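Beneath this line is the structure, given in structure tokens, with notes to follow.
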Amino acid sequence: MKYKGYNALIEYSEEDGCFVGHIAGITDIVGFHGDTVQQLQEAFEEAVEDYLEMCQRLNKPPQKPYSGDLKLRIPPDIHVAIVRAAEASGKNLEQWVTDTFSHAVGRNL
């Protein structure tokens with residue numbers, strides 16, 4: 001789901017018996033929940049609006065979602081080494097880097 005430039009990350013909670021989500025790509029924690037897709041969409045949009053209003057009340061700029069684009073400058077020999085590692089694992093460079101970074105921060109994608 002997308003709304004006003006924000007994306008939702010949604011999972012099903014067996015414990016709560018409903019879908020729960022949060023605004024993805026920001027470090028502020030903004031959650032919502034719903035039983036149906038329609039309820040989720042409405043709750044997500046309301047959560048974004050509430051977040052933007054809260055930031056305005058606090059005179060704090062709202063966080064913008066991270067784009068997922070990351071530009072790195074690394075030594076050429078390291079670049080070659082990671083390309084070779086990606087090829088050896090049967091992955092393209094983007095997937096290898098994503099998997100490696102995910103593992104480094106303890107997240108499974």
Side-chain angles (χ1 to χ4, degrees):
M1 291 181 182
K2 294 182 179 192
Y3 182 69
K4 292 193 172 182
Y6 293 93
N7 294 311
L9 180 61
I10 300 166
E11 298 175 336
Y12 181 74
S13 170
E14 287 190 39
E15 181 179 325
D16 298 321
C18 67
F19 295 98
V20 296
H22 67 271
I23 297 176
I26 64 173
T27 56
D28 288 333
I29 299 171
V30 182
F32 56 93
H33 66 278
D35 294 322
T36 66
V37 173
Q38 181 66 32
Q39 287 178 355
L40 274 172
Q41 184 69 44
E42 291 170 4
F44 172 53
E45 291 176 10
E46 184 178 330
V48 170
E49 293 293 345
D50 288 347
Y51 173 66
L52 296 173
E53 289 173 16
M54 180 198 65
C55 288
Q56 187 174 23
R57 280 195 311 270
L58 296 173
N59 199 28
K60 170 190 166 194
Q63 291 182 355
K64 297 294 181 192
Y66 292 101
S67 67
D69 292 333
L70 178 64
K71 185 174 183 174
L72 299 173
R73 298 223 181 260
I74 56 176
D77 59 320
I78 300 297
H79 193 166
V80 170
I82 64 173
V83 167
R84 287 184 180 152
E87 289 172 349
S89 70
K91 299 176 183 175
N92 66 37
L93 182 59
E94 185 175 319
Q95 186 60 55
W96 185 87
V97 169
T98 299
D99 292 349
T100 302
F101 284 1
S102 296
H103 178 73
V105 297
R107 296 208 35 209
N108 294 322
L109 295 178

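The structure presented is a predicted model; accordingly, all values stated were derived computationally and were not measured.
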List the steps, then state whether side-chain contact (heavy atoms from CB on, under 4.5 Å) holds for Y3 with I23.
-> CA-CA 10 Å; Y3 182 69; I23 297 176; over 6 Å; no
Spell out, yes or no, whether [X] and [Y] are grouped together once hydrophobic residues are joined by side-chain heavy atoms under 4.5 Å, including indirect joins.
{"X": "I78", "Y": "W96", "answer": "yes"}
{"X": "F32", "Y": "L52", "answer": "yes"}
{"X": "L9", "Y": "F19", "answer": "no"}
{"X": "I74", "Y": "V80", "answer": "no"}

Does [atom1] in [X] sit with more than 12 non-hydrogen atoms of other residues, nucleotides or ligands closer than 6.0 Å?
{"X": "I29", "atom1": "CD1", "result": "no"}
{"X": "Q56", "atom1": "CD", "result": "no"}
{"X": "H22", "atom1": "NE2", "result": "yes"}

Dump the intermediate steps for side-chain contact (heavy atoms from CB on, under 4.5 Å) on V105 and F101, then the final yes or no.
-> CA-CA 6 Å; V105 297; F101 284 1; 5.9 Å; no
Salt-bridged, E45 to K4, with N to O below 4.0 Å?
->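 Salt bridge: no.
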Is any side-chain N of the basic residue among K60 and D28 closer than 4.0 Å to the acidic one's carboxylate O?
->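 So K60 pairs with D28 through a salt bridge.
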Can any side-chain N or O of N92 pair as donor or acceptor with the backbone N or O of E94 at less than 3.5 Å?
->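 Yes; at least one donor-acceptor contact below 3.5 Å.
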Kindly say whether K91 contributes a backbone atom to a donor-acceptor pair with the side chain of Q95 at under 3.5 angstrom?
->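 No.
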Would you please test L40 and I10 for side-chain contact (heavy atoms from CB on, under 4.5 Å) and show each step?
-> CA-CA 9 Å; L40 274 172; I10 300 166; 4.0 Å; yes
First locate atom [atom1] of [X], then atom [atom2] of [Y], and finally report the distance between them rounded to the nearest 0.5 Å.
{"X": "I26", "Y": "Y66", "atom1": "CD1", "atom2": "OH", "answer": "9.5 Å"}
{"X": "L93", "Y": "I82", "atom1": "CG", "atom2": "CD1", "answer": "5.0 Å"}
{"X": "E46", "Y": "Q39", "atom1": "CD", "atom2": "CD", "answer": "11.5 Å"}

Residue pair H33, D16: steps toward the side-chain contact (heavy atoms from CB on, under 4.5 Å) verdict = CA-CA 10 Å; H33 66 278; D16 298 321; over 6 Å; no
Identify the heavy atoms of P62 and Y6 that sit nearest to each other, and give their distance.
->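 Reported closest heavy-atom pair: CB-OH, 3.8 Å.
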Search all heavy atoms of P65 against all heavy atoms of A24 and return the closest pair with its distance.
->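 Residues P65 and A24, closest heavy atoms: CB-O, 4.1 Å.
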Would you check if there is a donor-acceptor pair between the side chains of Q63 and Y51 at a distance under 3.5 Å?
->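 Their side chains do not contain a donor-acceptor pair, so the 3.5 Å distance test is not met.
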